[in-house]
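Just so you know, these numbers come straight off a predicted model, no measurement behind them.
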Amino acid sequence: MVNADRPTRGHRVFQRVNGLILTGVVVVTLYPFLNIVARSFSGERQIRAGEVTLWPKGFNLTTYKIVFQDGTFWRNYGNTVFYTVVSTAVAMVLTTCYAYVLSKRNLKGRSVLVGIAVFTMFFSGGLIPTYVLVTSLDLKNTVWALALPNAISVFNLLVMKAFFESLPDELEEAAQIDGLNTYGILFRIVLPLSKAVVATMVLFYSVSFWNSWFGAFLYMDRIELMPVTVYLRNLIAGATGGTGAGAGTEQLTQVAANIQAVTIVLTALPILCVYPFVQRYFVSGVMLGAVKG
């Protein structure tokens with residue numbers, strides 16, 4: 001008699017093959033990042049000779065020192081944190097309210113509102129009209145120039161809409177009987193049950209705003225208002241004082257050799273530190289909002 005709890009030979013083979021494939025995927029994914037980290041701490045000669053793989057060679061902190069000793073870097077880093085927090089907060093408020101409205105099947109004009117949102121996924125006003133609009137509204141050199149044009153991601157909107165639709169209607173009906181209005185139902189019933197999808201959307205938006213540089217490049221005229229991504233971009237191009245007047249030729253060649261690796265590490269590190277705290281919500285938030293039973 002075959003033991004029903006014992007895995008079959010085919011199942012064991014599948015598990016081993018699947019484990020090998022996933023291990024390969026992990027190696028392929030981690031190798032470029034570990035190589036970048038190693039290059040950021042390596043010497044100029046070893047980098048140019050292609051000797052750096054997973055471990056730094058010719059250990060060197062010249063580029064890090066030059067960047068960290070520049071006051072503009074820290075000012076721009078603070079700007080990035082501020083812009084990311086404000087922009088993510090604005091995006092979450094607008095996306096959540098819009099998604100909650102669209103989740104109501106008996107709402108008049110619901111299909112029109114959905115169509116408007118989906119339309120923007122395929123068509124936009126273009127770069128020049130957007131720039132003219134932001135300028136005419138006197139939003140240049142403010143955080144609103146970065147937050148408002150990208151306040152709603154339609155993909156995130158549709159995921160949240162699907163999640164809200166999956167909640168039982170009886171919950172809201174019971175809340176209405178208890179005397180809650182629409183805002184009370186949203187903030188006291190719906191959102192506490194939506195922590196997974198809310199955390200996932202916060203992660204999506206914060207990563208997007210943190211890595212964004214083109215909007216600031218367009219709408220910020222003063223260097224002290226730039227985010228760190230623009231600072232590092234300018235450092236790569238040699239357009240800032242990060243390799244300023246006191247830097248010698250040896251320092252300049254070292255910076256030129258590993259500046260790209262340093263910039264990738266500096267911009268990715270904060271997100272990597274935050275991600276583990278919201279990772280447990282990530283899979284459930286996306287799947288519950290994207291799959292209908």
Side-chain angles (χ1 to χ4, degrees), residues 18 22 25 29 83-125 130 144 146-212 215 270-272 274-293:
N18 195 35
L22 292 179
V25 171
T29 303
Y83 295 156
T84 301
V85 171
V86 173
S87 300
T88 301
V90 171
M92 286 303 301
V93 170
L94 296 180
T95 303
T96 301
C97 293
Y98 198 178
Y100 184 66
V101 168
L102 296 182
S103 68
K104 302 305 172 186
R105 297 180 178 86
N106 58 350
L107 176 70
K108 293 183 179 179
R110 176 174 178 264
S111 59
V112 176
L113 294 176
V114 173
I116 292 174
V118 174
F119 180 84
T120 62
M121 295 181 68
F122 305 100
F123 303 96
S124 67
T130 302
W144 310 116
L146 308 180
L148 296 181
N150 303 298
I152 296 180
S153 166
V154 179
F155 172 80
N156 295 345
L157 173 71
L158 296 180
V159 170
M160 291 196 75
K161 166 184 168 294
F163 184 91
F164 291 152
E165 288 177 341
S166 68
L167 297 177
D169 295 334
E170 290 77 11
L171 286 175
E172 297 192 23
E173 294 173 358
Q176 289 176 343
I177 294 175
D178 290 338
L180 288 180
N181 57 19
T182 301
Y183 295 103
I185 294 173
L186 175 61
F187 291 110
R188 299 180 62 179
I189 304 296
V190 175
L191 290 183
L193 296 174
S194 307
K195 292 180 181 178
V197 73
V198 169
T200 303
M201 295 303 105
V202 168
L203 177 64
F204 283 173
Y205 275 123
S206 60
V207 170
S208 175
F209 287 118
W210 182 274
N211 292 329
S212 176
I271 297 299
L272 293 177
V274 172
Y275 183 79
F277 296 99
V278 296
Q279 187 270 342
R280 62 193 180 103
Y281 298 108
F282 183 78
V283 175
S284 59
V286 173
M287 295 304 295
L288 288 175
V291 179
K292 298 292 290 182

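In this structure, CZ in Arg105 is found 6.0 Å from CG in Asp169, a value given to the nearest 0.5 Å. Here the straight-line distance linking atom CG of Leu22 with atom OG1 of Thr29 works out to 10.5 Å at 0.5 Å rounding. Taking NZ of Lys108 as the reference point, atom CG of Leu113 lies at 14.0 Å (rounded to 0.5 Å). Once rounded to the nearest 0.5 Å, the distance linking SG of Cys97 with OH of Tyr183 reads 7.5 Å. In this structure, the separation between OG1 on Thr95 and NZ on Lys161 is 14.0 Å, given to the nearest 0.5 Å. Atoms CD1 and OG, from Ile116 and Ser111 in turn, are 9.5 Å apart once rounded to the nearest 0.5 Å.
The side-chain heavy atoms of Phe163 and Ser194, taken from C-beta on, include a pair separated by under 4.5 Å. Looking only at side-chain heavy atoms (C-beta outward), Val86 and Phe209 stay at 4.5 Å or farther from each other. You'll find the side chain of Leu158 reaches within 4.5 Å of the side chain of Met121, heavy atoms only. Proximity of Thr120 to Ile152: side-chain heavy atoms (C-beta onward) are nowhere separated by under 4.5 Å. Contact annotation: the side chain of Val190 approaches that of Glu172 to within less than 4.5 Å [non-hydrogen atoms, C-beta and beyond].
Ring-plane geometry between Phe164 and Tyr100 is classed as perpendicular, the angle between the planes exceeding 60 degrees on a 0 to 90 degree scale with a lower cut at 30.
Taking every heavy atom of both residues into account, Asn150 and Tyr205 meet most closely at O-CE2, 4.4 Å. Between Leu146 and Gly215, the closest heavy-atom pair is CD2-C, 3.5 Å. Trp144 and Val90 make their closest contact through CZ3-CG2, 3.8 Å (heavy atoms, listed as atom of the first residue, atom of the second, distance). The minimum heavy-atom distance linking Met160 with Val198 is given by the pair CE-CG2, 4.3 Å. Here the shortest heavy-atom pairing between Ala99 and Leu157 reads N-CD1, 3.4 Å.
Under the 3.5 Å distance criterion, the side-chain polar atoms of Thr200 are matched with a main-chain donor or acceptor of Ala196. At distances below 3.5 Å, at least one donor-acceptor pair connects side-chain atoms of Ser206 with backbone N or O atoms of Leu203.
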Would Ile189 and Leu167 count as a side chain to side chain contact (heavy atoms under 4.5 Å, CB included) here? Give the steps.
CA-CA 10 Å; Ile189 304 296; Leu167 297 177; over 6 Å; no
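For CZ of Arg110, the number of neighbouring non-hydrogen atoms (other residues, nucleotides, ligands) closer than 6.0 Å is greater than 12.
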